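Before any comments, here is the structure.
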2 protein chains.
Amino acid sequence: MLKYQEIAGKIEKSIKNQRLKQGDKLPSLEELVSQFNASKSTVRKALEILENKGAIYQLRGSGIFVRKLKRRGYIDLGLTRGLKGTIGEYEMTTEVLAVEVIDATSEIAKNLSIEIGDAVYYIKRVRFLHGQPLCIEESYFVKSIVTYMNKEIAADSIFNYLRTALKLNLGFSDSYFHVGKINEEESKFLKLSIGEPKFYLESIFYLATGKAFDYSKTTYHYDQAQFFIQATSE
Amino acid sequence: MLKYQEIAGKIEKSIKNQRLKQGDKLPSLEELVSQFNASKSTVRKALEILENKGAIYQLRGSGIFVRKLKRRGYIDLGLTRGLKGTIGEYEMTTEVLAVEVIDATSEIAKNLSIEIGDAVYYIKRVRFLHGQPLCIEESYFVKSIVTYMNKEIAADSIFNYLRTALKLNLGFSDSYFHVGKINEEESKFLKLSIGEPKFYLESIFYLATGKAFDYSKTTYHYDQAQFFIQATSE
DNA sequence: CAGTGGTCTAGACCACTAT
DNA sequence: TAGTGGTCTAGACCACTGG
């Protein structure tokens with residue numbers, strides 16, 4: 001574990017433990033430096049991470065303050081993670097409709113920067129929140145990177161499997177989304193009428209090496225899903 | 001201008017000028033250090049900014065590479081800016097429907113962390129892209145912070161005015177969004193039928209000091225607007 | 001003006017990638 | 001094993017906030 005990660009984690013935990021609220025003040029940089037026995041730069045690196053995560057903000061001449069989200073129950077789109085990683089595991093269930101190896105179509109190949117015909121895992125799932133259909137998702141994983149996959153894994157957290165079992169280093173992601181109308185197939189799975197609203201999200205996930213490995217298309221139930229992003233200047 | 005900002009800007013410009021593509025390699029850290037006459041840490045700070053912006057990615061032992069978005073015409077939600085700042089000015093026009101000072105309701109007060117009855121500027125606008133209605137927006141600005149406002153300013157870029165004329169330092173923002181159905185009032189402005197899909201976004205913008213100054217509610221035309229986010233791990 | 005965060009440097013040493 | 005990015009330190013000096 002890196003020192004600055006450890007420090008960031010400890011600060012975050014202390015915010016939780018002390019139940020600090022929006023605007024509450026943390027110890028000064030200098031104090032943190034001596035408290036964690038680290039150099040100023042290292043502590044600042046930790047604070048920068050927390051700042052980018054939206055957990056704190058720093059104000060020159062004044063101090064370091066807690067930044068808290070005001071609302072709950074929103075899906076964080078500012079993360080490079082699977083759904084389970086962002087929503088919390090407890091109330092979510094998954095129905096796996098398909099796990100197959102297929103040849104990449106031109107659409108898949110383009111988004112994953114591979115060749116048409118290259119092998120990809122095709123996974124189709126419906127996900128439920130508190131038993132209500134939340135979304136239907138089709139994912140394509142580059143088989144040369146994600147070498148093995150099965151229904152059990154797909155029913156659980158795929159991203160967790162990639163990180164721990166396959167030891168892949170996730171890097172970054174591009175997410176594109178817009179609003180549309182439910183088509184016939186989606187209407188069945190989400191229990192909606194054709195033409196009702198949908199939230200349509202396409203994401204491309206990359207390894208730390210810059211290689212794309214997952215292209216996912218997800219249609220959300222318009223009434224079940226809400227999202228948030230915490231942005232920071234610059 | 002800070003040194004690391006200048007360096008970040010120059011690197012970004014050189015990516016554009018040389019028309020570098022996804023995966024193209026930049027000079028090594030060491031080269032950049034000598035090229036810009038800066039210390040390693042300063043150059044790394046610049047590179048970190050570009051990494052968080054989604055412009056590059058760095059790979060230990062290998063090099064620094066260009067990360068490019070694959071698609072165009074999407075609105076970036078990962079920014080703390082007004083619409084004009086993210087979408088480019090050229091094709092956007094604005095119709096101002098209202099600029100008034102009102103008393104904060106409980107909803108407004110809660111989101112802006114002010115008292116009920118405090119004075120806020122209420123601004124209502126419809127925005128057009130290529131002459132087509134893109135969205136209808138209602139904004140509430142804390143009057144004690146945004147001390148002056150008028151129709152001309154509202155017709156242009158409010159955020160630009162805040163930065164340059166009022167010299168406010170923008171800090172961060174929280175954005176919440178979901179999908180819904182158009183109501184009667186929205187249907188008129190967006191030229192849609194009641195019940196058609198809408199993308200509904202609420203944003204709260206904060207100064208660098210942590211004080212909320214703008215609460216905005218925006219309803220987007222489902223067919224005109226698409227969005228993206230570039231996320232980074234860690 | 002005291003206190004606090006922000007910038008920048010120079011350098012030691014570590015960890016990963018590619019060949 | 002050479003090359004390249006990542007971590008961490010110690011310290012000088014700058015810039016802003018608030019009493």
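Model, not experiment: these values are computed from the prediction. Residue numbers begin at 1 in each chain, while the letters A, B, ... track the order of the sequences.
If you check every strand for non-hydrogen atoms under 4.0 Å, A:Ile64 touches sugar and phosphate atoms only. Among the protein residues, A:Ser28 comes within range of the sugar-phosphate backbone only, with heavy atoms under 4.0 Å from sugar or phosphate atoms but none that close to a base. Among the atoms of the strands shown, none is found under 4.0 Å from any heavy atom of A:Leu47. In this structure, B:Asn37 reaches the sugar-phosphate backbone alone: every heavy-atom distance under 4.0 Å involves primed, P, OP1 or OP2 atoms, never a base.
Comment: B:Asp24 does not engage B:Lys68 in a salt bridge, judged by the lack of any side-chain N to carboxylate O separation of less than 4.0 angstrom. Ion pairing between A:Lys45 and B:Glu48 holds under the 4.0 Å rule for side-chain N and carboxylate O. Using a 4.0 Å cut-off between charged side-chain N and carboxylate O, A:Glu107 and A:Lys217 make a salt bridge.
If you measure from atom CZ of B:Phe65 to atom C1' of C:dA18, you get 11 Å, rounded to the nearest angstrom. With rounding to whole Å, B:Lys45 atom NZ is found 15 Å from C:dT9 atom C1'. Protein atom CD of B:Glu31 is 11 Å distant from nucleotide atom C1' of D:dT4, rounded to whole Å. Between B:Gln58 atom CD and D:dG5 atom P there is a gap of 8 Å when expressed in whole angstrom units. The CZ-P distance, from B:Arg44 to C:dA12, rounds to 18 Å in whole Å. Rounded to whole angstrom, the span from the CD atom of A:Glu30 across to the P atom of C:dA2 amounts to 15 Å. As a whole-Å value, the separation of A:Ile7 CD1 from D:dT9 P is 7 Å. The distance from atom NZ of B:Lys25 to atom C1' of C:dA18 is 9 Å, rounded to the nearest whole Å.
When the nearest nucleotides of DNA chain C are assigned to A:Glu51 and B:Leu59 by heavy-atom distance, the more 5′-ward of the two goes with A:Glu51. Comparing B:Gly61 and A:Ser41 along DNA chain D, the residue whose closest nucleotide (by nearest heavy atom) sits nearer the 5' end is B:Gly61. In terms of position along DNA chain D, the nucleotide closest to B:Ser62 lies nearer the 5' end than the nucleotide closest to the other residue of the pair A:Met1 and B:Ser62. Both B:Ala38 and A:Thr209 sit near DNA chain C, but only B:Ala38 has its closest nucleotide nearer the 5' end.
Checking D:dA10, D:dG6, D:dG18 against the side-chain heavy atoms of A:Ser39 singles out D:dA10 as nearest. In the set C:dC14, C:dA18, D:dC8, the nucleotide with an atom closest to the side chain of B:Arg60 is C:dC14.
Within the 4.5 Å cutoff, side-chain heavy atoms of A:Ile158 are placed close to those of A:Phe141.
Remark: A:Thr42 is in phosphate contact with D:dT9, judged by side-chain N or O atoms under 4.0 Å from OP1 or OP2. Put simply, A:Tyr4 has no side-chain N or O that comes within less than 4.0 Å of OP1 or OP2 on D:dC8.
You'll find a donor-acceptor pair under 3.5 Å spanning the side chain of A:Lys40 and the base of C:dG6, going by distance alone.
Rounding to the nearest 0.5 Å places CZ of A:Arg71 at 11.5 Å from CZ of A:Phe228.
Results of the side-chain contact (heavy atoms from CB on, under 4.5 Å) test with B:Tyr161 over B:Asn150, B:Leu166, B:Asp156 single out B:Leu166 as the only residue that passes.
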